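Here's the structure, in structure tokens; my notes come after.
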2 protein chains.
Amino acid sequence: MPNDHDILFKTLSDPTRRGIFERLCREGEQTVAALTAGAGVSQPAVSKHLGLLKQASLVRDRRQGRETHYRAELAALTPLVDWATQLPGFWRNRFDDLEDLLKRMDQ
Amino acid sequence: MPNDHDILFKTLSDPTRRGIFERLCREGEQTVAALTAGAGVSQPAVSKHLGLLKQASLVRDRRQGRETHYRAELAALTPLVDWATQLPGFWRNRFDDLEDLLKRMDQ
DNA sequence: CAGAGGCATAACCATTCGGTTATGTGACGA
DNA sequence: TCGTCACATAACCGAATGGTTATGCCTCTG
């Protein structure tokens, strides 16, 4: 019984797939052809990755004629960030970093 | 050439392994035997997971006699949270959530 | 010093995964 | 209407992954 986090982490764990997602984040909505150019893999591979990203709710698709436009769904990342930041001790560590930074700035 | 994020995401993408890490976060330092009890897999499997977690700098080990104590290294999660929060649009989405929340509280 | 405890490693196996090429399907243009 | 374009799906393949059992290596203890 894979939960939310499983799917999220698994989906993002592949570099090619994460690359596609990042590109959608940075450059906005894209067609499959546009994404394939620069993905470094074949079009069917890109389609499969998009299918998995969609299954993880990380992207949404919009069909328009014979093109399919994909866009990133950043809301899906929330559980990931929450998972990390809610682990006891995460912010402690970050505050230590901040303290170090302030100390260095003080010198 | 796998980068920081690759290793992090890949390491955290397995539920068993992430479970071990979470437990180290919540319950603090543990021996391998303690972790094996409740991991749902054999001791060698746990050892292998710990090896990968260590390789990702997510845990540190401390040998003491014939026991090996592992503890979580939360600092290693920083790149993951930074990756997500630095994607353009991530905070926008969160602010929308906040807005919704405030609206609901207002009623 | 012998035996047992705690852990890591080796060797192996089934499954999953990410990629490919080939093909199907619906929409567009001549 | 026919050929082409954009994309999805099918079928397949090698490599990686996560698990197992067996075993080795220290370390503690009687």
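Just so it is clear, the values below take in all heavy atoms, side chains as well, and ignore hydrogens, waters and symmetry mates. Here is how names work: the chains are called A, B, and so on, in the same order as the sequence lines, proteins then strands, and each is numbered from 1. Fair warning: this is a prediction, and the values are worked out from it, not measured in the lab.
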Is A:T16 near enough to C:dG18 that one of its side-chain N or O atoms lies under 4.0 angstrom from OP1 or OP2? no
Atom NE2 of B:H49 and atom CG of B:L35: how far apart are they, to the nearest 0.5 Å? 11.5 Å
Under 4.0 Å between a side-chain N or O of B:S42 and OP1 or OP2 of D:dT20? yes
Whole angstroms only, please: what is the NE2-C1' distance between B:H49 and C:dC7? 16 Å
Starting at atom CD of A:Q64, determine the distance to atom P of D:dA6, rounded to an integer number of angstrom. 13 Å
Sugar-phosphate, base or nothing in reach of A:A33, heavy atoms under 4.0 Å: sugar-phosphate
Could you state the atom-to-atom distance from CZ of A:R62 to P of D:dA6 in whole Å? 16 Å
Salt bridge check: are A:K10 and B:D14 linked by an N-O gap of less than 4.0 Å? no
Report yes if a side-chain nitrogen or oxygen of B:H69 is closer than 4.0 Å to either non-bridging phosphate oxygen (OP1 or OP2) of C:dC7; otherwise report no. no
Take atom CZ of A:R17 and atom C1' of C:dT16, then tell me their distance rounded to the nearest Å. 12 Å
Between P of C:dC7 and CG of B:D61, the distance in whole Å: 12 Å
Is it the case that C:dA8 (base atoms only) and B:Q43 (side chain only) share a donor and an acceptor within less than 3.5 Å, ignoring hydrogens and angles? yes
For D:dC7 and A:R63 - does any side-chain N or O of the residue sit under 4.0 Å from the phosphate oxygens OP1/OP2? no
Please confirm whether any donor atom in the side chain of A:R66 sits under 3.5 Å from an acceptor in the base of D:dC5, or the reverse. yes
If each of B:L50 and B:K10 is mapped to the nucleotide of DNA chain C with the nearest heavy atom, which maps nearer the 5' terminus, i.e. the 5' end? B:L50
Closest to the side chain of B:V41, out of D:dA8, D:dG19, D:dT21, is D:dG19
Please state how far atom CD in B:Q30 lies from atom C1' in C:dG6, giving the value in whole angstrom units. 15 Å
side-chain hydrogen bond (donor to acceptor under 3.5 Å, both in side chains) against A:S42, all qualifying residues, sequence neighbours excluded: none
Calculate the interatomic distance between B:F9 atom CZ and C:dG18 atom P; express it in whole Å. 14 Å
B:K48 NZ to D:dA22 C1', in whole Å, measures 13 Å
Check whether any side-chain N or O of A:Y70 sits under 4.0 Å from OP1 or OP2 of D:dA6, and answer yes or no. no
Kindly assign one of parallel, tilted or perpendicular to the pair A:F9 and A:W83, based on the angle between their ring planes and the thresholds 30° and 60°. perpendicular
Residues 70-82 of chain B, side-chain donor-acceptor partners within the protein, below 3.5 Å, at least two apart:
{"residue": "B:T78", "atom": "OG1", "partner": "B:A75", "partner atom": "O", "Å": "3.0"}
{"residue": "B:D82", "atom": "OD1", "partner": "A:R94", "partner atom": "NH2", "Å": "2.7"}
{"residue": "B:D82", "atom": "OD2", "partner": "A:R94", "partner atom": "NH2", "Å": "3.3"}

Candidates D:dG18, C:dG19, C:dA8 - which lies nearest the side chain of B:V32: C:dA8
